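Please read the structure below before turning to the comments.
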Amino acid sequence: MLDLLPAPLKGTLAALLIICNTLILFPALLGFALLKLALPVVGIRKGCTVVLNNIARLWIGFNNLLMDLLHRVAWEVRGAENLSREHWYFITCNHQSWADIPAIQYVLNGRIPLLKFFLKKELIWIPFLGIAWWALDFPFMHRHTKEQIAKRPELKGKDVAATHAACEKFRYTPVTIFNFMEGTRFTPEKQRRQNSPYRHLLKPRAGGTAFVLGAMGEMIHTMLDVTIVYPEGRAGFWDYLCGRIRRIIIDIRIREIPGEYLGMDYENNRETRASFQRWVSEVWAEKDARIDELTSET
């Protein structure tokens, strides 16, 4: 019934209800985060982390229910059968739209540990979101540029060390680290500007993924290679809220990450860096071919 409402009305209603959902759950999120901060005991911290992750899953679950009530999306999900909430994952996906993240959350919420992103440390100051990310243990990166290191050599290696320290808390509870390897949304203009060798993808940026695996290689051994296709054409987040996206294909391939890349020194080991870049290029070439297959099926 609600699907028959005009698209702008559905989008506005969805946005307002998501805001209400956020405001209702935020005090509980903040309360348990402060409790975890005040009582730095492993057992208490682990219990608070579990509660905080469940609050985030509840937030995502409500948003997913909202989409089901307001819209009729034909979901085609492949490869999600053997996933577990008790396993550590690294996940990457082709990036076409800001609808990608809620679409992936819709499919994977409750099937794997909560998705978390490496964030720039400056983002912690964003109102509400910064506190929520901090409360949920999203790792904030302390990366230094080559220019900064050249001026202050003592900074070399400190970004990796700080990230290792930030990720220590993930030893106690499983986590899924998410990263868009392309670094930005795909457009034909960006593809031409990059001279990308792929039909449907931009060139992958191996450095960010290498940074994650270097910092968390002891915990993460499995990559979920997600490919998302919108058969009716790419659409934005507002289109997602309005129900204009009627069909979404999400294909998941489970890949074991080669052992030599777990805990690697990407920046200082030239041979490892070249080998890892070749591996990422192979994964991306397979993804490009997979998009061809999924598109041809539609």
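The analysis underlying the following values was restricted to heavy atoms, covering all of them including side chains, and did not include hydrogens, waters or symmetry mates. Since we're looking at a predicted model, the values are computed, not measured.
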Does the side chain of [X] come under 3.5 Å of the side chain of [Y] through a donor N or O and an acceptor N or O?
| X | Y | value |
| --- | --- | --- |
| Y230 | D239 | no |
| T184 | K190 | yes |
| S275 | E260 | no |
| T227 | K287 | yes |
| D292 | H200 | yes |

Just how far is it from atom [atom1] of [X] to atom [atom2] of [Y], taken to the nearest 0.5 Å?
| X | Y | atom1 | atom2 | answer |
| --- | --- | --- | --- | --- |
| Y240 | S97 | OH | OG | 10.5 Å |
| E293 | E286 | CD | CD | 10.0 Å |
| I91 | L108 | CD1 | CG | 5.0 Å |
| K10 | L66 | NZ | CG | 11.5 Å |
| I257 | H221 | CD1 | NE2 | 8.5 Å |

Are the side chain of [X] and the backbone of [Y] linked by a donor-acceptor contact shorter than 3.5 Å?
| X | Y | value |
| --- | --- | --- |
| K46 | T173 | no |
| R199 | I291 | no |
| N21 | W59 | yes |
| R247 | P231 | no |
| S196 | L201 | yes |
| R57 | N109 | no |

Query raised in the report: Is there a side-chain contact (heavy atoms from CB on, under 4.5 Å) between M264 and N269 once you walk through the steps?
Result: CA-CA 8 Å; M264 64 179 157; N269 189 318; over 6 Å; no
Report task. Classify the angle between the aromatic ring planes of F118 and F211 as parallel (below 30°), tilted (30 to 60°) or perpendicular (above 60°). Result ->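 If you compare the ring of F118 with that of F211, the planes turn out perpendicular.
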Does atom [atom1] ([X]) have a neighbourhood of more than 12 heavy atoms from anything else shown, all under 6.0 Å?
| X | atom1 | value |
| --- | --- | --- |
| R193 | CZ | yes |
| E189 | CD | no |
| F32 | CZ | no |

**Report entry** Residue that, paired with L52, satisfies side chain to side chain contact (heavy atoms under 4.5 Å, CB included) out of L35, D137, L136
**Finding:**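 The passing option is L136.
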Requested in this report: Could you pull out all residues at least two apart from H95 that satisfy side-chain contact (heavy atoms from CB on, under 4.5 Å)?
Outcome: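 H95 satisfies side-chain contact (heavy atoms from CB on, under 4.5 Å) with W98, D100, F180, E182, R185 once adjacent residues are dropped.
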Query raised in the report: Taking a hydrophobic cluster as the set of Ile, Leu, Val, Met, Phe, Trp and Tyr residues connected by side-chain heavy atoms closer than 4.5 Å, whether directly or through intermediates, do F138 and I126 fall within one such cluster?
Result: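 Yes.
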Report task. Kindly work out whether a path of hydrophobic side-chain contacts (I/L/V/M/F/W/Y, heavy atoms less than 4.5 Å apart) joins F186 to Y198. Result ->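 No, separate clusters.
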Answer yes or no: is there a side-chain heavy-atom contact under 4.5 Å between [X] and [Y]?
| X | Y | answer |
| --- | --- | --- |
| I248 | E76 | no |
| V226 | T92 | no |
| I124 | W133 | no |
| V107 | W75 | yes |
| I249 | I228 | no |
| Y89 | L83 | yes |
| T209 | Y266 | no |
| K36 | L34 | no |

Query - Ring-ring centroid check F170 W88, cutoff 6.0 Å - result: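 When the ring centroids of F170 and W88 are compared, they turn out to be at least 6.0 Å apart.
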